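Please see the structure below; I have some questions.
The structure presented is a predicted model; accordingly, all values stated were derived computationally and were not measured. Every chain is numbered from 1 and lettered A, B, ... according to where its sequence line falls, protein lines coming before strand lines.
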Number of protein chains: 2
Amino acid sequence: MSDTPARLLALLSLLQTPREWPGSELAERLEVTTRTIRRDIGRLRDLGYPVEATMGAVGGYRLVAGTAMPPLLLDDEEAVAIAVGLRTAARHPVAGIEEASVRALAKLEQVLPSRLRRRVGTLNTATVPLVPAGGPSVDPQDLAVLAAAVANRERLRFAYQTADGAGSRRLVEPHRLVVAERRWYLVAYDDDRDDWRIFRVDRIRQPHPTGMRNAPRELPGGDAAAYVTSTLYSLAPTYSAVATLHMPAAEAAARLGDASGDVEPIDERTCRLRGHTDTLEWLAFRLVMLDCEFEVHEPPELLGYLAALGARVTRAASPAARAPRAGDAADDTVDANN
Amino acid sequence: MSDTPARLLALLSLLQTPREWPGSELAERLEVTTRTIRRDIGRLRDLGYPVEATMGAVGGYRLVAGTAMPPLLLDDEEAVAIAVGLRTAARHPVAGIEEASVRALAKLEQVLPSRLRRRVGTLNTATVPLVPAGGPSVDPQDLAVLAAAVANRERLRFAYQTADGAGSRRLVEPHRLVVAERRWYLVAYDDDRDDWRIFRVDRIRQPHPTGMRNAPRELPGGDAAAYVTSTLYSLAPTYSAVATLHMPAAEAAARLGDASGDVEPIDERTCRLRGHTDTLEWLAFRLVMLDCEFEVHEPPELLGYLAALGARVTRAASPAARAPRAGDAADDTVDANN
DNA sequence: GACGTCCAGGACAGATCCTGACCTATATGA
DNA sequence: TCATATAGGTCAGGATCTGTCCTGGACGTC
């Protein structure tokens, strides 16, 4: 009896199960008359959620795709699955929707019951990274905290570790989260230094909101993403890579994706790749994954890295020969600001 | 005025933004009095959604984590981000929540507006696969269709391509979706053959529900996952791999994850890996990604694959030498049933 | 072709609920 | 101390909701 909004939500929840519901069954579950069910269905339709009905003896109601997203009513496991998916998406950002990903993650983490958060955490640490890290990886939970602070225009305090290992404590007004070169950066106004700064998120430790709101501040130039990339290019000792791929240019471009540099055809079966990167491991990984013959011309560091990798793999395939182990990890020395 | 449930949903949507909302601002947005806002907040609390309020001059309301998941109200971009995340999760299943992932995906795809679905599709094809496929990859949208049919107990018609290339049309009663050995399988009762069958999802083409419901049918033995793995072991010519890793056993186990076989220590710095796999590329990929010295002892196919890979990488690092291209793709010949 | 089953929706009466307009109490930061 | 925020009681008038009728249309089955 009564409590209409709760019943509407329950009805939405039932209808989101991908199956057909006869009105009588819905009425039974929600303990109301079928007439009320029909009225509720009408209400949902008025709200813009298209409920489709098939008439006839085996008919029923089902929620279909409309023009607006209905509220998603998830059970525990589904919520965990989405959280895990968003966390890995935060670690391997997809071009164009990185920011929406962290927004969704922040939204979800805000309301995720603690028992589910624990499950997400254990699943997350149990999941193995699929690609070379290329430096420390970001903590998705920290990322959610930063996204919340950005949305809330709330001052943020955190410990920041610079490239040379020194640590410092910061109080900033967060402005935007940006992905550049496969890394997360926080664009923020540093209150102590009275200037704009860019922080690598994987070097931020223990961020917590202070509760102090700050007035929106305009970034000079406006575009945060452009600000980050321009700062990176002016500061970072990125490598310029040139390679020849024995693969049609179109196919190589498709398999490399958009963020891997320029591909121009040499002839029908080969092409030239030019790109810049600050993580040799990542570039080498992508080239090997292409599963085609290729030759690297520059930079010498990448040549060295690939030579070491090839030698290691060759050693692995010839167990008869035993050799002293050679360290072959290339280090990453790029930093955004001090 | 009026339409309380819609206002409650709108209020929930606002509160899910990770920020604090003063009651007056909420009242303004929703065009009601602050008194009504306070009442609505109370209603939400009665429904079990914990709205926290900070009193005082800079107070406000915010939705915090409770014991149950509130309905997620997403904007377009967030919905797309979640869909993309779930699709990649379907391609790289995480142990333990694979089924919840596809359930959530099916739920989302069911109500995703078509314009957003298009965006998800283009983003999805633009996204490059991060790991070696090891055979054809599943279409997440097909997976969602299968999951919906499983939940709806609806008969399903599809074209199935067997290992030897022959195609057949099937009419089945879907029972469960299961991940085994990094692949999706559909456990279903084949109506034409009057027996239970296991189908590799990546070989299923154009699945579509028929609208015919079927009575729930009990799988002999009960456990669908066990049924799949036992069938696979009895049928599939998997490789048995043995390798020595120059890495502490604990670290290797952590970095390999749970599904990669048994790791036992040899001494403090080395360990032995035993596993079985039907995709050489995947195992080789994981071993190389460990970023440590290792030697493979078995199977010979893996040795050959690694030798070819090492040679290719070495060639790439020595652009002076030019050699005729050697094909080095290992084929995957495992099948679940005919 | 008749029948049962399902969705669609109008009319109506009675109970319920909701909103806005008061009011006071309390907590917090400037 | 003051301003501002949440918290919540009360009350009256009006809107809304529910259940119980009803008719009609669509669809599959017997």
In terms of side-chain geometry, is the basic nitrogen of Arg200(A) or Asp202(A) positioned less than 4.0 Å from the acidic oxygen of its partner?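 Salt bridge flag = yes for Asp202(A) with Arg200(A).
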
Check: Gln16(A) and Leu72(A) side chains under 4.5 Å, non-hydrogen atoms: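 Touching, per the 4.5 Å side-chain cut-off.
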
Asp46(B) bridged to Arg43(B) by N-O distance under 4.0 Å: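 Not counted as a salt bridge, because no side-chain N and carboxylate O are separated by less than 4.0 Å.
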
In whole angstroms, how far is the C1' atom of dG19(D) from the CD1 atom of Ile37(A)?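 Value for this atom pair: 13 Å.
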
Distance below 4.0 Å between Arg43(A) side-chain N/O and dG9(C) OP1 or OP2: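 Checking dG9(C) against Arg43(A), no side-chain N or O comes under 4.0 Å of OP1 or OP2.
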
Between P of dT6(D) and CD of Glu52(B), the distance in whole Å: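 About 13 Å, once rounded to whole Å.
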
Is it true that atom CZ of Arg153(B) has more than 12 heavy atoms of other residues, nucleotides or ligands lying nearer than 6.0 Å?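 12 or below, so no.
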
Taking only residues two or more places apart in sequence or in another chain, which ones pass ring-ring contact (aromatic ring centres under 6.0 Å, His included) with Phe158(B)?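 Per chain and number, Phe158(B) pairs via ring-ring contact (aromatic ring centres under 6.0 Å, His included) with Phe199(B).
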
Whole-Å distance between dC18(C) C1' and Ile41(B) CD1?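 It is 16 Å, rounded to the nearest whole Å.
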
Scan the side chains in residues 51-66 of chain B for donor-acceptor partners under 3.5 Å anywhere in the protein, sequence neighbours excluded, and list what turns up.
unit_1	atom_1	unit_2	atom_2	d
Thr54(B)	OG1	Glu20(B)	OE1	3.2
Thr54(B)	OG1	Glu20(B)	OE2	3.4
Thr54(B)	OG1	Gly60(B)	N	3.3

Given side chains that start at C-beta, do those of Leu11(A) and Leu15(A) come closer than 4.5 Å, heavy atoms only?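 The answer is yes, as the side chains (C-beta and beyond) meet within the 4.5 Å cut-off.
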
Whole-Å distance between dT4(D) P and Tyr61(B) OH?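 After rounding, the gap between these two atoms is 17 Å.
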
pair Arg170(B)-Asp192(B): side-chain heavy atoms closer than 4.5 Å: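 Contact flag for Arg170(B)/Asp192(B) side chains = no.
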
For the helix from dG1(C)-dC30(D) to dA30(C)-dT1(D), what is the angle between the axes at its two ends, each from 5 pairs, rounded to 10°?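 That helix has its two terminal axes inclined by roughly 50°.
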
Would you say a side-chain N or O of Thr36(A) is under 4.0 Å from OP1 or OP2 of dG19(D)?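 Checking dG19(D) against Thr36(A), a side-chain N or O does come within under 4.0 Å of OP1 or OP2.
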
Which part of the nucleic acid, if any, lies within contact of Gly42(B), taking any heavy atom under 4.0 Å across all strands shown: a base, the sugar-phosphate backbone alone, or nothing?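 Nothing: the residue Gly42(B), judged by heavy atoms under 4.0 Å, touches no strand.
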
Under 4.0 Å between a side-chain N/O of Thr54(B) and OP1 or OP2 of dT28(C), yes or no?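 No, no such contact exists.
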
Between dG19(D) (P) and Leu30(A) (CG): distance, integer Å: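 Rounding to the nearest Å, CG of Leu30(A) and P of dG19(D) are 11 Å apart.
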
Tell me every residue that passes salt bridge (Lys or Arg N to Asp or Glu O under 4.0 Å) with Asp76(B), counting only those two or more places apart in sequence or in another chain.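 Only Arg115(B) meet the salt bridge (Lys or Arg N to Asp or Glu O under 4.0 Å) criterion with Asp76(B).
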
Please report the distance, rounded to the nearest Å, between CG in Asp40(B) and P in dG8(D).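 Spelled out: CG on Asp40(B) to P on dG8(D) is 14 Å.
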
How does protein contact run along nucleotides 21-27 of chain C, one letter per nucleotide 5' to 3', with B for base contact, S for sugar-phosphate only, - for none, heavy atoms under 4.0 Å? BB---BB

Please report the distance, rounded to the nearest Å, between CZ in Arg7(B) and C1' in dC17(C).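 Computing the Arg7(B):CZ to dC17(C):C1' distance gives 12 Å.
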
When you compare the side chain of Val172(A) with that of Arg197(A), does any pair of heavy atoms fall below 4.5 Å?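 Contact flag for Arg197(A)/Val172(A) side chains = no.
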
Point-to-point distance, once rounded to the nearest 0.5 Å, from CZ of Arg29(A) to OG of Ser13(A):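 The CZ atom of Arg29(A) sits 9.0 Å away from the OG atom of Ser13(A).
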
Using modelled atom types and a 3.5 Å cut-off, is there a donor and acceptor pairing between side-chain atoms of Trp21(B) and backbone atoms of Leu14(B)?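 Present.
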
Near DNA chain C, under 4.0 Å by heavy atom, which residues of residues 21-29 of chain B?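 Close to the strand, none.
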
Is Thr34(B) near enough to dT6(D) that one of its side-chain N or O atoms lies under 4.0 angstrom from OP1 or OP2?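 The answer is no; no side-chain N or O of Thr34(B) sits under 4.0 Å from OP1 or OP2.
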
May I have the distance from Leu15(A) (atom CG) to dC7(C) (atom P), rounded to whole angstrom?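 Distance check: Leu15(A) CG to dC7(C) P gives 11 Å.
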
